[in-house]
4 protein chains.
Amino acid sequence: MTGPPRRDAGRPRGATVVSAVLAAVRAELAETGFEGLSVERVARRAEVNKTSVYRRWPTREALVAAAMEGLLEEFGDSPDTGSLRGDLLALAAPIADLAARPDGVALLRAALATTARGDLGGAALQRAGDGHSASSLAERARARGEWRPGVDPQQAIFTLVGAIIHRTLLEQAGPTGEWLEGLVDIVHRGIRADP
Amino acid sequence: MTGPPRRDAGRPRGATVVSAVLAAVRAELAETGFEGLSVERVARRAEVNKTSVYRRWPTREALVAAAMEGLLEEFGDSPDTGSLRGDLLALAAPIADLAARPDGVALLRAALATTARGDLGGAALQRAGDGHSASSLAERARARGEWRPGVDPQQAIFTLVGAIIHRTLLEQAGPTGEWLEGLVDIVHRGIRADP
Amino acid sequence: MTGPPRRDAGRPRGATVVSAVLAAVRAELAETGFEGLSVERVARRAEVNKTSVYRRWPTREALVAAAMEGLLEEFGDSPDTGSLRGDLLALAAPIADLAARPDGVALLRAALATTARGDLGGAALQRAGDGHSASSLAERARARGEWRPGVDPQQAIFTLVGAIIHRTLLEQAGPTGEWLEGLVDIVHRGIRADP
Amino acid sequence: MTGPPRRDAGRPRGATVVSAVLAAVRAELAETGFEGLSVERVARRAEVNKTSVYRRWPTREALVAAAMEGLLEEFGDSPDTGSLRGDLLALAAPIADLAARPDGVALLRAALATTARGDLGGAALQRAGDGHSASSLAERARARGEWRPGVDPQQAIFTLVGAIIHRTLLEQAGPTGEWLEGLVDIVHRGIRADP
DNA sequence: TGATAACCGAGACGGTACGTCACGTCTTTAA
DNA sequence: TTAAAGACGTGACGTACCGTCTCGGTTATCA
């Protein structure tokens, strides 16, 4: 008599909730870091109910992943700059830029702290240094004769990224331009074909 | 009432407490990782009172630092193997070995998760790749004419370490011998003097 | 986000929790007294969580006050028995009855142990012998010509109560009927108009 | 070969410890009351070791009993003032004086809070209003023909004391001279022989 | 005069309780 | 149907005292 339930009825999801929560997450991350980020405080700060947060983002990791979504957008694919060294720099620069900002540091820390695979670390990987951009960079270099045979493209790129992580989280120093040049120098010489 | 306080008086600390607690920490770290390590559970597992734990190790970080003490012992100073490449491999190998063991992974994760300087990260740094061994390695290489002028020794060593961290925590793959050879290849070529 | 917060929403407080906790408080009071009453043990005994106790009753005093609520109900106002002596007896009898029971003793002790004003002592005062019943009793006595001018009604009533307290807590003897008669005798003669 | 142990040898107990501790107890009582008095804090304040406190005074009650020893000295026996009313006032006045001082209030509260018989309450009773002074006072009044037959001396005195306790602990008002006069009026008329 | 025995400070230790915070689930009412 | 509100059980936090204990060092007394 009452018919099938309509799928589109009910109170619509407020877009304001999403933005308020994600803004709160970013603010909390900047203040207290990934450790010490609590759903409860995020909800309070966003003036949103705790249950509304849980409905959308089941875990803390999902929450920061969503909040950091934008930060990973820029790592689409490295452009062709005409030289291997240029390509490496073009790939490393946005990562270093991210690591220079406090929220970027928080994101990195979060990605590394999470034990379970497929959460933050995985997502970051897929975006940042994943197969695609690494292999396309290597492909271009090979075409130019710059790539030393036998070098694994991923290993090269990951070495670059790992150095930035070490710099940011362990040395707790900002990856300056000069420092980055030195790093790219090392890696570039490390993977280029023998002259 | 009888004079200046003596530092050595009082009931001596029971060695059994220490060993029981640290063993419990290691076990918990292996099971649940650094996140999810609670003082309360450690104390229960060690069959020791919570207050006895807090008396010695004021923070969670101090606890894992103490538990991991032994793991960092081996990084004294890298031996002189006669060549830069050999020296690099000799320095990287024990770190890679550590990163290959589950408790080593937990230690790394803990060091990176801690925000505050001077805790785990700092301690690990001082042991692992700090100024001393890095500069002595570089000194030997310079004497042999192998070190390319202008390369910062710390940067080179930290790049090596950063790559291992990336491999272990983000890629979640073990640093095999072959992989390590490839890494040392890259870094060695990156910092050696032009032939 | 949708308007002012509603006060009536949310899961209602379970009545079972309340009754279980208050019963546990009464039992603990009977066994160990006010000192030695711990929230933790009450919660354990009631098989209720500690936080659920704290949510409702922020302090230990509030807890026993709530548990003793019923004990103070009966002191509404003393009836008109037709004579000052009868009124005094009617007022003192329920207090003496309370003091004759173990939980009543515990209540008294708790009221006296609390330092802060406005807690138990205050509540007990307001119920038991406070202005209202004291002055109405005096008013009736004055109308009959039984009240000696210049006597403060509160002082008279409080003297009665104070004697019962001394009997119960310091002498640790029960306020028997005979004893109470003697007390009322003293106070009655003390405040009646000269014949 | 060594013979039986001597009972009298050894280092005597230092008097400085005793006085320092008792002073600390009095200070703590004045500040935080009987509840919230801890052996640990007393020891810290007296700059004496916790063990030294426990050696002498096994319980908290013993501690305050010792600290309050002096306060109860003055209640030896009430002097003969020549009249029943004068004797009552002479007996009540020092008690009221005690109750007017903060440490006296703390002592009263402590005496009432303790559940176990024979601790503070008992000691206070034995000193303050015990049989001896009550009956000697009554004896003198009987000799003068002032004592109404059938009145229990203890009950009369205890009523006096109970009123002061009520005034001090429940009403939390100081027993002023005027108030005390009113109280003695009531009790005197309550127990005197009919004129 | 020297052994003996008690005193004393210092602090570790196992306990218990404190009061707070966050977790994630559940039940209710309102939009 | 979704949202807001909040109760609830659970578990951990870090701290404070409890009372006991094990030491090393001191100090008086008595043989």
Side-chain angles (χ1 to χ4, degrees), chain A residues 5-14 17 36-41 43-44 47-55 58-60, chain B residues 1-14 16-17 36-41 43-44 47-56 58-60, chain C residues 1-14 17 36-41 43-44 47-56 58-60, chain D residues 2-3 5-14 16-17 36-44 47-56 58-60:
Chain A
R6 277 169 295 141
R7 284 284 122 207
D8 55 347
R11 179 168 175 176
R13 296 196 162 193
V17 172
L37 175 75
S38 84
V39 174
E40 198 117 5
R41 272 225 305 277
R44 266 205 299 274
E47 295 180 30
V48 150
N49 198 272
K50 196 170 49 154
T51 29
S52 295
V53 178
Y54 275 112
R55 235 187 304 276
T59 66
R60 208 166 54 136
Chain B
M1 307 284 322
T2 337
R6 276 167 294 137
R7 284 289 119 210
D8 57 340
R11 178 173 171 180
R13 294 188 158 178
T16 61
V17 173
L37 176 74
S38 87
V39 175
E40 197 118 8
R41 274 229 305 277
R44 263 204 302 274
E47 294 180 34
V48 152
N49 201 275
K50 190 171 55 153
T51 46
S52 290
V53 177
Y54 276 112
R55 244 186 294 272
R56 290 161 206 260
T59 65
R60 212 166 52 132
Chain C
M1 310 285 325
T2 336
R6 279 163 292 140
R7 284 288 117 211
D8 54 343
R11 178 173 170 178
R13 294 187 159 177
V17 173
L37 176 74
S38 86
V39 175
E40 196 118 5
R41 274 230 302 277
R44 264 205 300 274
E47 295 181 32
V48 150
N49 200 273
K50 190 171 55 152
T51 47
S52 290
V53 178
Y54 276 111
R55 245 188 292 270
R56 289 160 207 262
T59 66
R60 213 167 50 135
Chain D
T2 33
R6 281 168 291 142
R7 285 287 119 213
D8 50 349
R11 177 176 175 176
R13 294 187 159 176
T16 61
V17 173
L37 176 75
S38 84
V39 174
E40 197 115 7
R41 272 225 304 277
V42 166
R44 265 203 300 272
E47 293 180 31
V48 150
N49 199 272
K50 194 171 54 153
T51 334
S52 295
V53 178
Y54 274 112
R55 242 187 297 271
R56 290 160 212 260
T59 67
R60 210 167 53 136

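Order of the sequence lines fixes the chain letters, A, B, ..., with proteins taken first and strands second; residue numbering starts at 1 for each chain. Being a predicted model, the structure only gives us computed values, none of them experimental.
- Qualifying side-chain hydrogen bond (donor to acceptor under 3.5 Å, both in side chains) partners for A:Ser38, counting only residues two or more places apart in sequence or in other chains: none.
- Residues that satisfy the side-chain contact (heavy atoms from CB on, under 4.5 Å) test with C:Val48, not counting sequence neighbours, are C:Val17, C:Val21, C:Ala46, C:Ser52, C:Val53.
- Of the possible donor and acceptor atoms, one in the side chain of B:Arg60 sits under 3.5 Å from a partner among the backbone N and O of B:Leu37.
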Nucleotides 12-18 of chain F: protein proximity per nucleotide (B base, S sugar-phosphate only, - neither; heavy atom, under 4.0 Å): SBBBBSB

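- Listed for the A:Arg41 side chain is a donor-acceptor partner under 3.5 Å among the backbone atoms of A:Gly36.
- No side-chain donor-acceptor contact under 3.5 Å links C:Arg55 to the backbone of C:Lys50.
- The side chain of A:Ser52 contributes an N or O atom lying less than 4.0 Å from OP1 or OP2 of F:dA4.
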